[in-house]
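Since the structure is predicted, the reported quantities are computational estimates derived from the model, not experimental observations.
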Amino acid sequence: MVNNMVGSFFEDIVDGFNTALLYIEPETDVTSKSSAYTLKYANQKALDFFGKTTEVVTGLNFGELSNVDGILTVANKVFTTKEPNTTHISIKKDDGVFNYRVDAKCLNNGLLITLAELEPSYITDAESKLPLGTKQSRTHELEISNLFGVRVLDSNDSIISYLKPIFNDNGEVKDFRIDYLNNRMDEITNEEADKIVGLSILEYYPKNSENGVMEILKTCYATGENKEYTREFIFKEESFWLSTRAVKMNDGLILFSKDVTKEKKYENELFIQNRLLSEAEHVANIGSFRWNLEKEQIKYSDNVYRLFGYEPNEFDNQYDRLLTFLHPNDIEKVKTSFKEAKRKKSKTDQVFRVYTKSNELKYMNTIGECYQKEGNWYMVGVIRDVTNQIEEESVLQIKNAELKRTNADLEAFNRVASHDLQEPLRKIQMFASRLHDEEEGRLNSRSQGYLDKIKYSSDRMRNLISNLLSYSKIDEVNEQPKRVDLNDVLNNVLEDLGERINELNAEIVTQNLPVVNGIQFQLEQLFANLIGNSLKYIREGVQPQIKIVSSVITGKNDSLETLLPNINYVKLQFIDNGIGFEKKYQEKIFEIFQRLHGKTEFTGTGLGLSICKKIVQSHNGVIHAEGEINKGAQFIVYLPTLL
């Protein structure tokens with residue numbers, strides 16, 4: 001009985017409060033939802049606020065009541081942090097906009113919330129740090145509350161602040177005090193708004209006197225004109241770019257600051273990319289363009305102007321202006337090509353001549369592609385200076401024509417050598433042979449000597465013509481390279497030279513040879529010439545010996561500079577103990593018709609080693625010779641491996 005009387009007594013007192021009083025508890029099964037609170041108690045002032053009765057309100061889901069969004073925001077924050085919180089909300093009703101002070105704190109398992117309607121005589125000024133209860137304080141609180149509405153401001157994407165001027169003794173603005181700052185400051189920069197409000201902007205961020213912000217704000221306050229600026233700020237050692245709009249309102253300034261850090265980063269990256277592209281165009285001697293086909297306007301990159309001998313943007317961007325640079329004989333060709341590309345929306349690729357600012361004639365190549373964007377057709381492409389390329393191609397065409405004539409002359413020579421020269425030579429040999437047979441024993445020694453010289457010279461001439469034909473036809477072989485076992489090549493050559501080897505009692509020392517990619521009959525000719533050369537230039541009284549050694553090497557690991565450093569080679573060494581040669585002849589020895597000895601000392605035409613060199617070169621290899629008088633010679637052949 002007593003308890004009931006006490007409860008009724010306190011209930012009468014609470015219902016008489018001029019402040020709305022609520023007690024809510026979270027619903028344990030749906031705590032993740034912001035509206036998941038159950039209303040456990042509401043005094044009469046709270047019932048009036050919601051327009052409900054006790055029977056209807058108690059036990060309801062708090063989120064189902066009207067005008068509770070701002071209260072829920074506070075409730076969620078207090079329930080999460082377990083710290084008391086005070087804020088202001090504005091409620092729009094039929095008879096106007098009403099401002100309330102909301103206080104919330106944890107109590108038992110729930111939250112105790114009070115709502116007090118703000119009137120001039122009861123306004124406090126916690127945010128502004130002004131003396132409480134003064135007229136200035138009450139006016140300020142009304143100004144902030146009525147101008148913004150805390151809930152609206154906090155939901156804005158921008159950092160919103162309200163600044164009041166601070167004057168010096170001369171009545172001039174020397175600084176601004178931060179009287180309000182919404183919670184976006186916390187979310188964007190992790191700077192706590194509560195610790196910033198009340199400070200001056202120079203106290204909070206001294207660099208505002210260096211970056212021009214202070215002067216901009218002073219101008220805005222003095223003139224009443226809106227001002228916009230973008231600046232970089234460092235908060236907790238992290239860079240932020242804020243784009244701010246300053247607006248004068250009443251006796252202060254409102255700043256709307258948008259976080260544009262990402263946009264600024266992209267802008268810097270785009271600037272760097274454009275700079276790199278511009279540098280790349282300059283190095284590559286090209287330029288780019290974007291042509292609005294509907295408006296006949298062409299936007300050029302800076303290097304296009306330079307290609308024409310101008311400074312960037314020195315001539316206008318109209319299509320007709322481009323035509324004025326063209327060589328008169330190329331104007332119609334260019335107009336027709338662009339007209340077709342524009343009509344068919346197709347690719348264009350053309351070369352034309354232009355006169356630069358200094359009246360220099362240049363060749364330009366333009367490649368363009370059409371695309372559509374937002375209903376308009378554009379052409380994008382590149383312009384290249386191909387003057388050097390055209391000139392080099394002209395020189396190359398002249399050289400190709402000369403080469404064709406030379407090849408034609410060589411083919412004519414081959415025909416003459418293979419038929420016209422050999423035919424009379426065969427007759428000379430035939431009649432000399434008949435004369436030798438018919439007059440054998442009847443010619444005196446002098447005449448017989450003449451006849452022998454005719455026979456020797458004609459035989460040598462026949463060998464010379466044969467070798468010349470072989471030399472000229474090395475590059476004309478139609479056979480495709482294939483895997484060739486050099487052991488087979490060596491066996492075939494030794495069989496052909498067997499009689500000469502036996503006659504000289506020559507010793508051939510060899511080892512297992514590798515497989516290469518090549519043309520077999522040419523490689524056999526190479527081996528035959530090199531081994532035959534060693535069998536020819538022997539030292540008297542010394543048993544001929546020929547060693548054939550093989551290995552695999554990398555170009556960079558060999559002392560021969562003509563080898564490619566990153567290529568593997570089969571290295572073949574043909575080493576003999578013959579008469580050798582002086583070092584000064586090691587390059588000359590491969591030249592055509594070069595002989596180091598008289599015609600009577602050793603037989604030959606001087607083409608054997610020249611043929612060897614040409615065969616090796618046709619296999620993308622290198623041949624090198626080393627020698628020493630009376631100690632022998634070494635011929636080294638490098639052929640690319642199959643690896």
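- Using a 4.5 Å heavy-atom cutoff, the side chains of Asp320 and Leu323 are in contact.
- Nearest heavy atoms, Cys612 versus Ile623: CB-CD1, 4.2 Å.
- Using modelled atom types, one finds a donor on one side chain and an acceptor on the other under 3.5 Å when comparing Asn365 with Arg384.
- There is no side-chain donor-acceptor pair under 3.5 Å between Glu393 and Gln397.
- Checking side-chain atoms of Asn502 against main-chain N and O of Gly498 turns up a donor-acceptor pair under 3.5 Å.
- Within a 6.0 Å radius of CD in Glu311, no more than 12 heavy atoms belonging to other residues, nucleotides or ligands are found.
- In this structure, Asn292 CG and Ile298 CD1 are separated by 10.0 Å, a value rounded to the nearest 0.5 Å.
- Counting heavy atoms from C-beta on, the side chains of Pro544 and Ile546 never come closer than 4.5 Å.
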Worked check of side chain to side chain contact (heavy atoms under 4.5 Å, CB included) between His327 and Leu361:
CA-CA 8 Å; His327 188 284; Leu361 183 65; 4.1 Å; yes
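- Here the side chains of Leu572 and Val549 are not in contact, with every heavy-atom distance at 4.5 Å or above.
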Given the rule in the side chain to side chain contact (heavy atoms under 4.5 Å, CB included) test, do Asn533 and Phe635 qualify, once you have shown the distances and angles that lead to the verdict?
CA-CA 10 Å; Asn533 199 69; Phe635 291 89; 3.8 Å; yes
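- Counting heavy atoms from C-beta outward, Ile636 and Glu626 have side chains that approach closer than 4.5 Å.
- Rounding to the nearest 0.5 angstrom, the gap separating the CG atom in Leu530 from the CD1 atom in Ile548 is 9.0 Å.
- Annotation for Arg290 and Val380: closest pair CG-CG1, 3.9 Å, computed over non-hydrogen atoms.
- Judged purely by distance below 3.5 Å, without hydrogens or angles, the side chains of Gln350 and Thr366 never pair a donor atom with an acceptor atom.
- The closest donor-acceptor contact from the side chain of Asp259 to the backbone of Leu242 lies at 3.5 Å or more, if one exists at all.
- Within 6.0 Å of the CD atom in Gln372, the count of heavy atoms belonging to other residues, nucleotides or ligands exceeds 12.
- Taking the six-membered ring for Trp and thresholds of 30 and 60 degrees, Phe325 and Tyr310 have ring planes more than 60 degrees apart, a perpendicular arrangement.
- Comment: Glu628 does not engage Lys583 in a salt bridge, judged by the lack of any side-chain N to carboxylate O separation of less than 4.0 angstrom.
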Walk me through it: do Leu504 and Leu535 pass the test side chain to side chain contact (heavy atoms under 4.5 Å, CB included)?
CA-CA 8 Å; Leu504 296 173; Leu535 294 174; 4.2 Å; yes
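- Here CG of Leu307 is found 11.5 Å from OH of Tyr300. Values are rounded to the nearest 0.5 Å.
- Considering only heavy atoms from C-beta on, Ile501 comes within 4.5 Å of Ile508 through its side chain.
- Between the side chains of Glu524 and Asn492, a donor-acceptor pair is found at a separation under 3.5 Å.
- In this structure, the side chain of Thr348 does not engage the main chain of Ala341 through any donor-acceptor pair within 3.5 Å.
- Between the OG atom in Ser550 and the CD atom in Gln511 there is a gap of 4.0 Å [rounded to 0.5 Å].
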Start with the C-alpha distance between Gln617 and Val622, add both sets of side-chain angles, then the distance that settles side chain to side chain contact (heavy atoms under 4.5 Å, CB included), and finish with yes or no.
CA-CA 6 Å; Gln617 288 177 339; Val622 177; over 6 Å; no
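- Side-chain contact between Phe289 and Ile383 is present, with heavy atoms from C-beta onward closer than 4.5 Å.
- Checked by atom type and distance alone, the side chain of His619 pairs as donor or acceptor with a backbone atom of Ile519 at under 3.5 Å.
- Applying the 6.0 Å contact sphere to CD of Glu503 captures more than 12 heavy atoms from other residues, nucleotides or ligands.
- Using a distance-only test at 3.5 Å, with no hydrogens or angles considered, a donor-acceptor pair links the side chain of Ser618 to the main chain of Ile615.
- Without hydrogens or angle criteria, Gln543 side chain to Asn505 main chain gives a donor-acceptor distance under 3.5 Å.
- Contact annotation: the side chain of Phe315 never approaches that of Lys357 to less than 4.5 Å [non-hydrogen atoms, C-beta and beyond].
- Ring-plane geometry between Phe527 and Phe574 is classed as perpendicular, the angle between the planes exceeding 60 degrees on a 0 to 90 degree scale with a lower cut at 30.
- Not one N or O on the side chain of Ser337 forms a donor-acceptor pair closer than 3.5 Å with the backbone of Val334.
- Aromatic rings from Tyr371 and Tyr378 are positioned such that their centres are separated by under 6.0 Å.
- Across Asn630 and Arg539, no two heavy atoms sit closer than the pair O-NH1, 2.8 Å.
- Of all non-hydrogen atoms in Cys370 and Leu293, the two that sit nearest each other are SG-CD1, 4.1 Å.
- Between Asn620 and Pro640 the shortest heavy-atom distance is O-CG, 3.3 Å.
- Counting heavy-atom neighbours within 6.0 Å of Lys333 NZ, excluding the residue itself, gives a total above 12.
- Rounding to the nearest 0.5 Å gives a distance of 4.0 Å between OG1 of Thr554 and CG of Asn568.
- Distance check, rounded to the nearest 0.5 Å: CD1 of Ile567 to OG1 of Thr641 gives 8.0 Å.
- The backbone N or O of Gln545 sits less than 3.5 Å from a side-chain atom of Asn577, completing a donor-acceptor pair.
- Both tests hold for Lys345 against Trp377: distance to the six-membered ring centre under 6.0 Å, angle to the ring axis within 45°.
- Val493 places a side-chain heavy atom less than 4.5 Å from the side chain of Ile531.
- A donor-acceptor pair under 3.5 Å links the side-chain atoms of Arg231 to the main chain of Asn211, judged by distance alone.
- Of all heavy-atom pairs spanning Pro312 and Arg306, the tightest one is CG-NH2, 3.9 Å.
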